[in-house]
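Quick notes on the structure that follows.
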Amino acid sequence: MEKLSNNIAENVKRIRWELDEAAVAAGRKPEEVQLMAVTKTQSATLVNLAIAAGIDLLGENRAQELMEKYEDYHKEHADIHFIGHLQTNKVKQVVGKVKMIESVGSLKLAREISKFSQKMDVTTEVLVQINIGDEDTKGGIAPSQAEELIRQMALLPNIQVQGLMAIPPIWNSSSENEGYFARMHEILVDIKGKKIDNVNMEVLSMGMSGDFAAAIRHGSTLVRLGSAIFGSRNYQ
C-alpha cells in the first residue's frame, strides 16, 4: 500500500507540474485549470490515496459504482462530479451526492435532474455535453442545438448551467484534435456572450490523459485524467 501511495502521489505531483506548464505555455494562469481524477474501476482505497495526495475533484462515470463507493470516500476533502452517461431512472441515485453533473445532453435528462433536485431541496450544477465529433456512440447534443437546449434548461428550477463538456473523437492527427477543442471554445464564448439568465458558462470540461495540453491551449478549465493518476484500469 505504501508503494501505491507513493506512486499515486508522484503521479499527481508530475501531472500538476505538466498542467501548470501547459497553462503557462498557453498564456494562462495555472489556477485557471482544475484537475479531476477519473475514478472509473478504481477502489475507494486508491481514490482516497489520490485525495491524500492533493486531488480535490473526483469524476464518476457510473451511478451504481458511485453508490457502492460513496460512503467510503473522504468526501470532506474532495468534490464529486458525474461525468458518464446518466439514464433518467438513475438520476435519483446521483442528485445530492455530486456537486455537478457534466453529461447533460437532453432536455429530458435536465428535467429529471431538476425534479429530484427540487425534491431534495438542492441546486445541482450542470454542464451541457456537446457531441463535437457527431459520433453515434457518444452522448451529447449537436453544436447547432446547444444554445436552444441551454435556454430551455435555464428555465428549470434547482439546476444551474455552468458551461460545456465534450469528449472529442479519438484523433488521427493533432490538427484534428485542435480543431475540436477550438470549436468547443467558440461555442462557449458565443453562448456566454448571449448573457442568458441562470447560465454562467464559466466551465469548459475537456481534455484527458493524452490530449490535455491541447485542450488547455483552447480554453479548457477542467481536465479529466484517470490512468495518468492511477495507472492502467482494472476491468475485472
Next item on the list: Taking only Lys NZ, Arg NE, NH1 and NH2, and the carboxylate oxygens of Asp or Glu, determine whether E65 and K69 approach each other closer than 4.0 Å.
Entry: yes
Checklist line | Salt bridge R16-D20, side-chain N to carboxylate O under 4.0 Å | finding: no
Check: Which atom pair, heavy atoms only, marks the closest approach of Q42 to G231?
Finding: NE2-O, 4.3 Å
Check: Same cluster or not: are V98 and M120 linked, directly or through other Ile, Leu, Val, Met, Phe, Trp or Tyr residues, by side-chain heavy atoms under 4.5 angstrom apart?
Finding: yes
Check: Which is it for K40 and E60 under the salt bridge (charged side-chain N to carboxylate O under 4.0 Å, His left out) test, yes or no, and what are the steps along the way?
Finding: CA-CA 6 Å; K40 183 178 180 180; E60 287 287 331; over 6 Å; no
Check: At their closest point, which heavy atom of G105 faces which heavy atom of I141, and how far apart are they?
Finding: O-CB, 3.9 Å
Notebook entry, point to check: Where is the tightest heavy-atom contact between G139 and N131, given as atom of each residue plus distance?
Noted result: O-CB, 3.7 Å
Item checked: Salt-bridge contact K92-E112 (side-chain N to carboxylate O under 4.0 Å) -> no
Note to self: Assess the residue pair R183 and E186 against the criterion (salt bridge (charged side-chain N to carboxylate O under 4.0 Å, His left out)); give the C-alpha distance rounded to whole Å, side-chain angles, the decisive distance to 0.1 Å, and a yes or no.
What the structure shows: CA-CA 5 Å; R183 179 62 180 136; E186 290 173 0; 3.5 Å; yes
Note to self: Is it true that N200 and Q162 share a donor-acceptor pair across their side chains at a distance under 3.5 Å?
What the structure shows: yes
Item checked: Residues L57, L35; criterion side-chain contact (heavy atoms from CB on, under 4.5 Å); working and verdict -> CA-CA 7 Å; L57 179 60; L35 171 61; over 6 Å; no
Check: When hydrophobic residues are tied together by side-chain contacts of less than 4.5 Å, even through go-betweens, does F116 share a cluster with V122?
Finding: yes
